[in-house]
8 protein chains.
Amino acid sequence: LRTGFPEAIWGPGKTPEQIVAIFRTMSERVPVALATRIEPEVFQQLQVRLPELHYHPTARICVLQTADPPQYPGAIGILTAGTVDIPVAEEAAVTAELSGFEVQRLWDVGVAGIHRLLSHRTLLDRVDVAIVVAGMEGALPSVVAGMAACPVIAVPTSVGYGTSFGGIAPLLTMLNSCATGIGVMNVDNGFGAAMLAGKILRTAARLHACEGDTKRQRSQ
Amino acid sequence: LRTGFPEAIWGPGKTPEQIVAIFRTMSERVPVALATRIEPEVFQQLQVRLPELHYHPTARICVLQTADPPQYPGAIGILTAGTVDIPVAEEAAVTAELSGFEVQRLWDVGVAGIHRLLSHRTLLDRVDVAIVVAGMEGALPSVVAGMAACPVIAVPTSVGYGTSFGGIAPLLTMLNSCATGIGVMNVDNGFGAAMLAGKILRTAARLHACEGDTKRQRSQ
Amino acid sequence: LRTGFPEAIWGPGKTPEQIVAIFRTMSERVPVALATRIEPEVFQQLQVRLPELHYHPTARICVLQTADPPQYPGAIGILTAGTVDIPVAEEAAVTAELSGFEVQRLWDVGVAGIHRLLSHRTLLDRVDVAIVVAGMEGALPSVVAGMAACPVIAVPTSVGYGTSFGGIAPLLTMLNSCATGIGVMNVDNGFGAAMLAGKILRTAARLHACEGDTKRQRSQ
Amino acid sequence: LRTGFPEAIWGPGKTPEQIVAIFRTMSERVPVALATRIEPEVFQQLQVRLPELHYHPTARICVLQTADPPQYPGAIGILTAGTVDIPVAEEAAVTAELSGFEVQRLWDVGVAGIHRLLSHRTLLDRVDVAIVVAGMEGALPSVVAGMAACPVIAVPTSVGYGTSFGGIAPLLTMLNSCATGIGVMNVDNGFGAAMLAGKILRTAARLHACEGDTKRQRSQ
Amino acid sequence: LRTGFPEAIWGPGKTPEQIVAIFRTMSERVPVALATRIEPEVFQQLQVRLPELHYHPTARICVLQTADPPQYPGAIGILTAGTVDIPVAEEAAVTAELSGFEVQRLWDVGVAGIHRLLSHRTLLDRVDVAIVVAGMEGALPSVVAGMAACPVIAVPTSVGYGTSFGGIAPLLTMLNSCATGIGVMNVDNGFGAAMLAGKILRTAARLHACEGDTKRQRSQ
Amino acid sequence: LRTGFPEAIWGPGKTPEQIVAIFRTMSERVPVALATRIEPEVFQQLQVRLPELHYHPTARICVLQTADPPQYPGAIGILTAGTVDIPVAEEAAVTAELSGFEVQRLWDVGVAGIHRLLSHRTLLDRVDVAIVVAGMEGALPSVVAGMAACPVIAVPTSVGYGTSFGGIAPLLTMLNSCATGIGVMNVDNGFGAAMLAGKILRTAARLHACEGDTKRQRSQ
Amino acid sequence: LRTGFPEAIWGPGKTPEQIVAIFRTMSERVPVALATRIEPEVFQQLQVRLPELHYHPTARICVLQTADPPQYPGAIGILTAGTVDIPVAEEAAVTAELSGFEVQRLWDVGVAGIHRLLSHRTLLDRVDVAIVVAGMEGALPSVVAGMAACPVIAVPTSVGYGTSFGGIAPLLTMLNSCATGIGVMNVDNGFGAAMLAGKILRTAARLHACEGDTKRQRSQ
Amino acid sequence: LRTGFPEAIWGPGKTPEQIVAIFRTMSERVPVALATRIEPEVFQQLQVRLPELHYHPTARICVLQTADPPQYPGAIGILTAGTVDIPVAEEAAVTAELSGFEVQRLWDVGVAGIHRLLSHRTLLDRVDVAIVVAGMEGALPSVVAGMAACPVIAVPTSVGYGTSFGGIAPLLTMLNSCATGIGVMNVDNGFGAAMLAGKILRTAARLHACEGDTKRQRSQ
Ligand SMILES: Nc1ncnc2c1ncn2[C@@H]1O[C@H](COP(=O)(O)O)[C@@H](O)[C@H]1O
Ligand SMILES: Nc1ncnc2c1ncn2[C@@H]1O[C@H](COP(=O)(O)O)[C@@H](O)[C@H]1O
Ligand SMILES: Nc1ncnc2c1ncn2[C@@H]1O[C@H](COP(=O)(O)O)[C@@H](O)[C@H]1O
Ligand SMILES: Nc1ncnc2c1ncn2[C@@H]1O[C@H](COP(=O)(O)O)[C@@H](O)[C@H]1O
Ligand SMILES: [Mg+2]
Ligand SMILES: [Mg+2]
Ligand SMILES: [Mg+2]
Ligand SMILES: [Mg+2]
Ligand SMILES: [Mg+2]
Ligand SMILES: [Mg+2]
Ligand SMILES: [Mg+2]
Ligand SMILES: [Mg+2]
């Protein structure tokens, strides 16, 4: 178990049989295996073969958990601009929780109604990494990165129409942000955002363990 | 004088001789004629031939004014996200003032430092139209349109690098805004924004004149 | 009721249960609530749960109206280039009427048969804002803005094939118009066009109320 | 002389020596040879070596004419939307005249001031092919093709800024025109437009010669 | 009957009832009315209501013909690069025939097997206009325009995969052709190509009628 | 000093006078102020006015340092694919060092010669964050993120030609990486990468200070 | 049989009847005929009419083989970055085998886990041409071309999401590779890659036959 | 000397000092070192420091040759569509010759005058690999690959204007070719084309050496 993270199957384009087979192989190796982008109909077919599978419908994630994952210090804040961005945000949230991190959710705080975000400032002060999920114009990460001291991971979503070009408009907004300290993900990549947030918190743990501890966790 | 606005010359690609000739023709017809996108070197060549020309260096506008333009009711707020957006904003401001409107300027209130904008809320309550000029990620119009009751005219600027694509990134942000009531202009088109703001305030004046007055100004 | 406009639900991606729940919450707050982009099948499912819902099939708008909305001065002209652009235009028209404005419709006056438009000049003189809806080459707003004194809101539609790129071709036409006084919307955004037109007419009312009245409506 | 047209040199990227050498070779073969996209400085260098060269400065065309070209029946109307489109239109006009056709010029009749075009209707009735040159939004060919019975050749120009993308915006407008009977050229290709107009008029001559004459000109 | 061409209905997005109604109105005015882009299922629904409708399945065109159209001099050659391009070519061919012109078809003569095209040279010498239909790399019009004296109308098709971008690759090939005398149409626009070919042949007829005849057909 | 980072001036588009004035204001507030994208000629003009300015020529950064910045735990590895990517990497390196972090440089380890990278594995094990700078095909971050446990910040550069589109090709490579744990920056944004790396290391310090310490550094 | 390769039918857009008819014609001419992009349902319809057809389900290729194809010297290595790239790789592999070449398959050796590729170095030393198939970021061909002495044919796949743009991201990666000796194919074009590999090995055979043999195979 | 090819320096963005230093290092290792994209002015500066440098002005290549390179069997045909494509073709030709291969040049055989190419068929029969260089519409590789039995390497050039997009139009043409057996290079990449051709001919030599020889050259 090199990275300490759950292993993941990218669901699209795989048959239920293939997914089940990969789950079986993985579960011999890691305590938590998951498959992403699993539609409800696919889950039903998987469950017949693998009854211990658990399904997170909004996140569209299936989990095969044979032991509790280790818990790590650090809290990940996950924010969305709109309600339609929630599935991508939940993909991030479920992945982060299965990776052993505390998650703080804050939905529907888009910039067109800036007061909702401002009224939740304390959440931004409390978390150690922020994942900001936004479609349409994708402006929320800029405002969050201007307010928060922690690193911001920006995830554009394919929510939108016309010139949103399936997520390209918010992607460009995020890449061009005037605020510093934002790392950008591919469109709808909630899973990847959680993996990066996890790497950030675990490198932090390793770094500070090194300083005070005798046992170095680096090659864990 | 059909629209009541100053007539304008688009400077790029015209020789000084051509610009002077058009100014002379226009000034017989209208009290205020202007030329946009005039670099300082070009102005110097124009001034030799037409000493009464006045130059606004930041706006890069030359004016030939033979009489005071009529003044109209209504205030136009002009905001920029950054300082590099000021030339485009000044093109709008000078055009609006020469068209007879009051202008309220507010520079450098971009979303990465949202408190500066919030501290100027009253300006947004006081103006009748807002022109919002932003490059880079171009998120400012969304926040302004969420806060202001008046119509918002959004002007993307070509300020930026890499994936800003010379103003396309902020243009897409503005077109995809979650906030309603935003009309978008072409990149760097401060002049056009002022013309639209002017049409909005003049249609307002005509409409309400009709209701209370006997003399209808509509076909003025 | 801060802006005086009906509140609106963006239909796509929401279940009938979610839409009904939002309608119920909204109707406690505002006299007119509406949902856009509702297909007939969805309306049938909504109506079972909320029998007082009214449906505008061409505009694809559902309305829950608990009181008459206030009426405002000012007329909005809505024009289309072709008949296929009518659904987007009706989305604008129904939104504008539900917002309390008079609407003048003029369908199928595209530039390839310029005489039809010329024969309806008086409509352009009579309205206070014009919403111009066009797909394919999207040239109609340029011609209208050259003829009308009022502000023009241009809405590109996704009608077209090949190089129309789902509305990008008419969008570019509108952004690059030689005529001044045009604010451009995202592709197919008839709703947003009506909201901007409404903001224009209401800011006009506030501005002129201020001048003659003692009671200021600005923060209404 | 297979096609009956003057032969042409594409100037950019060739040294004056190379251009002169090609002119010398061509002039042994055809009565009219021309080079396009020749800047004034280049012409001066060419003239030193080839004093009989004639220069059309607006069209940026150099001509080496050793005999009068044959004259053909048919008139080509050439229209521009703006004054900045004139160089491209002149490239077409000079090429057409050197190919032996009558040219009717009509400059600055863009759609934002539709009355100027309408006041020149008779020109459209009089010509046999129309070449319509427009930058910015490029809407003029649609209006012309709706009014004229003759074929229309549309030439987008690189005139514009921001989202005109160096002529792509008017190109898309022309390709997506609702009016039928328009053939579109590459950006700024005035030369090609004249060559196509010439082929149209010459095929017409051959076709009708065949019907009434004994001598077939087809393989001329 | 201003242009002498059949009137046409663009089928997509119209209900069978709407198409039938427009056919009925048109057929009072013109001898030949047609609808394009009609799938077989739609034709079956139309035929129930309008039994005299005739269907061209490959061209996907429905025709309502109440009299024979006038026949005009001139032959239109229509070529395709591949067999998959035939539906677009047939749309052009049927439109041209219904407009009263002779059509010469030549299918599957793409540039990757240049000898097939070379073996049909005489067809290119015999026709008065050539319509060249090609998808994939779209190179055929360049070769044809280099071989033929007549004008060439190039129609890119959406046939292809990956980087053909639904017809953009062949469109660019055609616009950038080194051969002169090519007018380009929008992707898959076989109908428009036939209309332009018809305008070319009819302007030819008018032009030469003028020279020899007393009766001028120009404003027919 | 809210974030603990040096304050920075974006150089392009500012006059030497403006830059000097901002430096003077900043230096009253922070111990380290810097300006990025400063060409040597500009530095010479700045130095005349502000002799204590220090210049990093490869990074094109000017620094005004009035005190030593605080030093923080954690090492930042900075890698480039090629030697032409070094200026962007140095912009990151100098910014990181001025922010108080240890920097490990590794230049010219692109994927076309994978053994050079493999021979430097231990550097990847030793650093706490990796900034990977690559132009052309931009594949290096994928390989690094597959080998390293720490978070990876990927910076595409505008180095390349033809289809690299000024950095868009490597940007897309980085966004589409199969490796997880990569946050992507705008093209050439070495400064922003260092700022994000700094935020990661400082959030780590805060987080672990909280656990073992009584004094919370969070709002430092 | 000019090229010595099997003849191929591009399946999409053809009816089963058409495919069967082409197979019948081809099989009179060549020992091996194949059809690509054949879905299982289509194969079932084909098999009813042509029972001797053989189907490769992963490659989606149907074969009609009336004799054994000649075998040629040379081995083609085919590699994929992921498992989802296998169908495109199998299209190449089956085509190559039917063309008479030895194929070495190596699946799932993407750059995010570079050790898997490194552990298969000997395969790269053993083959004479390498076909490298990759989607997502498409970085594998760069690494392979840096390691292998033989020519590399790179095939981008449409596997990916968001900014992979259906294969454009890996295509750009491949075109911009720092490694030399890579020829790039259109997206998903496994068939074409095999044909190019075959031409490379057959030209090799002809070249070396010429040197040592008396009988020249060149016009075979 | 792993690959047997000359080593190469990419000139742009390097100072004369840097280029000279790399030349000195290389020349200790290989008999032939070259630098590409060297403008005449740069060569003059290099020659001062390194008098034994040789310059190929059309190819813009500098060579430092300390011994004769080995000669290899096989001829490379290099064709251009136009004369403006020659610099890119010469970059390929000089690189190929310095790599030890025979080169056959054929300039200016573009598809708009197909007979010139047809009259040189025997060259295509004589060469073992063909490099085809074309800008504008880039159609030449399709025709060549249809005529030649050998592999074709297609190089798009940035020659063109308007919608050629600096070489993207011919690149797309080449990727979408109906002819099989074409490997495509990045825009203007003549050097890379020669390197791929060299790898093809050397892999051929190794393959056939293996069959008849005892000494295996594979790891040479
Ligand atoms: N939702 C997701 N978004 C992006 N990457 C994912 C996602 N789910 C899984 N992956 C990645 O895909 C890889 C598995 O791909 P595969 O081997 O095709 O199942 C995992 O290692 C993850 O890094
Ligand atoms: N800065 C500007 N931005 C956009 N349009 C402008 C600008 N300045 C002038 N124009 C428009 O350009 C027209 C004049 O163009 P021209 O006749 O070429 O000088 C005016 O009618 C204006 O509508
Ligand atoms: N202004 C122009 N626009 C487009 N094509 C041109 C132009 N001038 C010349 N050409 C074409 O370029 C060809 C000459 O190219 P070249 O042999 O490079 O001089 C001629 O045959 C013309 O078809
Ligand atoms: N999978 C494939 N990918 C790309 N080209 C193909 C494929 N299969 C067949 N072809 C090409 O398509 C041509 C046949 O097209 P068609 O005549 O329409 O069946 C063949 O000559 C092949 O060159
Ligand atoms: Mg958003
Ligand atoms: Mg901004
Ligand atoms: Mg339209
Ligand atoms: Mg125009
Ligand atoms: Mg083709
Ligand atoms: Mg790289
Ligand atoms: Mg890959
Ligand atoms: Mg070419």
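Note on naming: letters A, B, ... go to the chains in the order of the sequence lines (proteins, then strands), and numbering restarts at 1 for each one.
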**Asked** Who wins among A:G162, A:A169, A:P141, A:G160 for the most heavy-atom pairs under 4.5 Å with chain B?
**Response** A:A169
**Top of A:V143, A:V144, A:L118, A:T173 for chain B proximity - count of heavy-atom pairs under 4.5 angstrom** = A:T173
**Request:** State whether B:F5 and B:R202 meet the cation-pi test: NZ (Lys) or CZ (Arg) under 6.0 Å from the six-membered ring centroid, and within 45° of the perpendicular axis.
**Result:** yes
**Request:** Please determine, among B:S164, B:G113, B:A179, the option with the most heavy-atom pairs under 4.5 Å with chain A.
**Result:** B:S164
**Asked** So how far is it from B:I200 CD1 to B:M195 CE, rounded to the nearest 0.5 Å?
**Response** 12.5 Å
**Message:** If the condition is side-chain hydrogen bond (donor to acceptor under 3.5 Å, both in side chains), which residues does B:Q104 pass it with, not counting sequence neighbours?
**Reply:** B:E102, B:R126
**Asked** So what's closer than 4.5 Å to chain B heavy atoms on A:I168: side chain, backbone, both or neither?
**Response** neither
**Asked** Salt bridge or not for B:R60 and B:E90, using N-O below 4.0 Å?
**Response** no
**Prompt:** With sequence neighbours left out, what residues match A:R116 under salt bridge (Lys or Arg N to Asp or Glu O under 4.0 Å)?
**Reply:** none
**Item:** Side chain, backbone, both or neither of A:Y161 within contact of chain B (heavy atoms, under 4.5 Å)
**Value:** backbone
